[in-house]
Protein chains: 2
Amino acid sequence: MAQTEDPYRELARQLGSVGAVRRELARSFPHDCQPATAIVLMLLGRRGEMRMSELADLMGVDMSVASRHVTHTVDRGWVDRRPDPLDGRARLMRLTESGERLLAETHERVAQTLARRLDDWPLEDVARLADLLARLRVDLGECERHLDPRHLRSTTPL
Amino acid sequence: MAQTEDPYRELARQLGSVGAVRRELARSFPHDCQPATAIVLMLLGRRGEMRMSELADLMGVDMSVASRHVTHTVDRGWVDRRPDPLDGRARLMRLTESGERLLAETHERVAQTLARRLDDWPLEDVARLADLLARLRVDLGECERHLDPRHLRSTTPL
DNA sequence: TATTGTTATACTCTATAACTATA
DNA sequence: TATAGTTATAGAGTATAACAATA
């Protein structure tokens, strides 16, 4: 455990360098499946069909950004986008069978990479890090106003 | 603590969304001091004078990227860049007095933001998160060059 | 020949604003 | 009028490759 008189400063420093970790993980992604695309697939796979605004909230980005990433996945046949029968303004996204397969493949590669690189980590630490990051995102993220407070409690709703 | 059968999957998902946290923190940064600039100042403030290659390594980016960010800080008088007397190819960077002041101001803003938003976090959790992120970066970053060939052999059909 | 650093180029990701369509 | 979504544009951040200077 790092010993520092200012844990906030240390946290800020580590957050600044976490981008290198994301890029390293993305190296093993399938072609045309960038990190943002993988996030779309992962969220649709875990939470099921949802609207654009909900997806943008979960991604922590503006809806215009989520829209672009979804179009990318729709163009490649990984996501199906249909009008919401209950609201003519909204659209509903869900994974296609092709998208399910790509998600499974991507998940397998990431899990293998993490399992190999973090082979000396106790599984408890892996889960603890994921949990702390989830809480950090909720407590610091802009989207907390729109998110269901229950997301604070459970990070694995499905 | 999140309970999940696959903590690696959960960690991958949280890493994908950590960008929103970084952007939220950056909102309170001084003008012309983007996250990458703040990282340069923080590293030079913590580790003192260093060469470009060392800074790039600590930032987890290519040296060409570090070079651009340093030029940005030099142009604004926050960093002094001089030839290395021991190696004509290298250059040494260190904070100027102006850079020290900007670093102190940025650090103060980040610490205030974190302290305010994470006021219900035990300090132990803040330090633990920073520590886990540091270990993640070490164990995941730059490791491909040091891979044991036997790992590749085991996953490659003969 | 190898290493250190810079610059040119292209790509990913993002937010803002303007726009369409519907509630 | 307000909301859901799309598109155009601009900006930050990054890697690769080509380059110059030095070891």
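All values below were derived from every heavy atom in this structure, side-chain atoms included, with hydrogens, water molecules and symmetry-related copies excluded. In this text the structure is predicted, and so the values were computed from the model without any measurement. Every chain is numbered from 1 and lettered A, B, ... according to where its sequence line falls, protein lines coming before strand lines.
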Problem set entry | Gap between atoms CD1 and P, on A:Ile39 and C:dT12 respectively (whole Å) | 16 Å

Seminar exercise, completed: Closest to the side chain of A:Asp62, out of C:dT6, C:dT14, C:dT16, is C:dT16

Exercise. First contact, last contact: which nucleotides of DNA chain D are these for chain B, 5' to 3', heavy-atom distance under 4.0 Å?
Worked result: D:dA12 to D:dA23

For this session: Round to a whole Å and report the spacing from CG of B:Asp57 to C1' of C:dT4.
Result: 14 Å

Problem set entry | Short side-chain N/O contact from B:Arg23 to OP1 or OP2 of C:dA15, under 4.0 Å | yes

Problem set entry | Rounded distance in Å - CE (B:Met93) to C1' (C:dT4) | 11 Å

For this session: Establish, from distance only, whether the side-chain atoms of B:Ser17 and B:Arg13 form a donor-acceptor pair under 3.5 Å.
Result: yes

For this session: Starting from the 5' end of DNA chain C, give me the residue, A:Gly88 or A:Val65, whose nearest nucleotide shows up first.
Result: A:Val65

Exercise. Can you tell me how far C1' of C:dT6 sits from CE of B:Met52, to the nearest Å?
Worked result: 9 Å

For this session: Name the residue closer to the 5' end of DNA chain D, choosing between A:Gly16 and A:Met63 according to the nucleotide with the nearest heavy atom.
Result: A:Met63

For this session: Side-chain contact test, heavy atoms from C-beta onward, threshold under 4.5 Å: evaluate it for A:Met59 versus A:Leu43 and give yes or no.
Result: yes

Problem set entry | Under 4.0 angstrom between B:Arg27 side-chain N/O and C:dA15 OP1 or OP2 | no

For this session: Could you say whether A:Pro35 or A:Arg89 is positioned toward the 5' end of DNA chain C, judged by the nucleotide with the nearest heavy atom to each?
Result: A:Pro35

Exercise. How close or far is atom C1' of C:dT4 from atom CZ of B:Arg81, stated in whole angstroms?
Worked result: 13 Å

Problem set entry | B:Arg128/B:Asp131 under salt bridge (charged side-chain N to carboxylate O under 4.0 Å, His left out): CA gap, chis, key distance, verdict | CA-CA 5 Å; B:Arg128 194 195 316 274; B:Asp131 182 67; over 6 Å; no

Exercise. Reckon A:Asp84 touches a base, only the sugar-phosphate, or nothing at all at heavy-atom distances under 4.0 Å?
Worked result: nothing

Exercise. Are B:Leu136 and A:Trp121 side-chain neighbours, meaning at least one heavy-atom pair lies under 4.5 Å?
Worked result: yes

For this session: State, yes or no, whether a side-chain contact exists between A:Leu133 and B:Val21 at a heavy-atom distance under 4.5 Å.
Result: no

For this session: Determine, for B:Asp139 against A:Arg117, whether the closest basic-nitrogen to carboxylate-oxygen distance falls under 4.0 angstrom.
Result: no

Problem set entry | Value in whole Å for how far the P atom of C:dC11 lies from NE2 of A:His72 | 14 Å

Exercise. Within the structure, does a side-chain N or O atom of B:Ser53 lie under 4.0 Å from either OP1 or OP2 of C:dG5?
Worked result: yes

Seminar exercise, completed: From the candidates C:dT6, C:dC13, C:dT16, the one with an atom nearest any side-chain atom of A:His69 is C:dC13

Exercise. Between C:dT7, C:dT14, C:dA21, which nucleotide gets closest to the side-chain atoms of A:Arg68?
Worked result: C:dT14

Problem set entry | Interatomic distance, A:Gln34 CD vs C:dC13 P [rounded to whole Å] | 5 Å

For this session: Using only heavy-atom distances, determine whether the side chains of A:Arg76 and A:His72 contain a donor-acceptor pair under 3.5 Å.
Result: yes

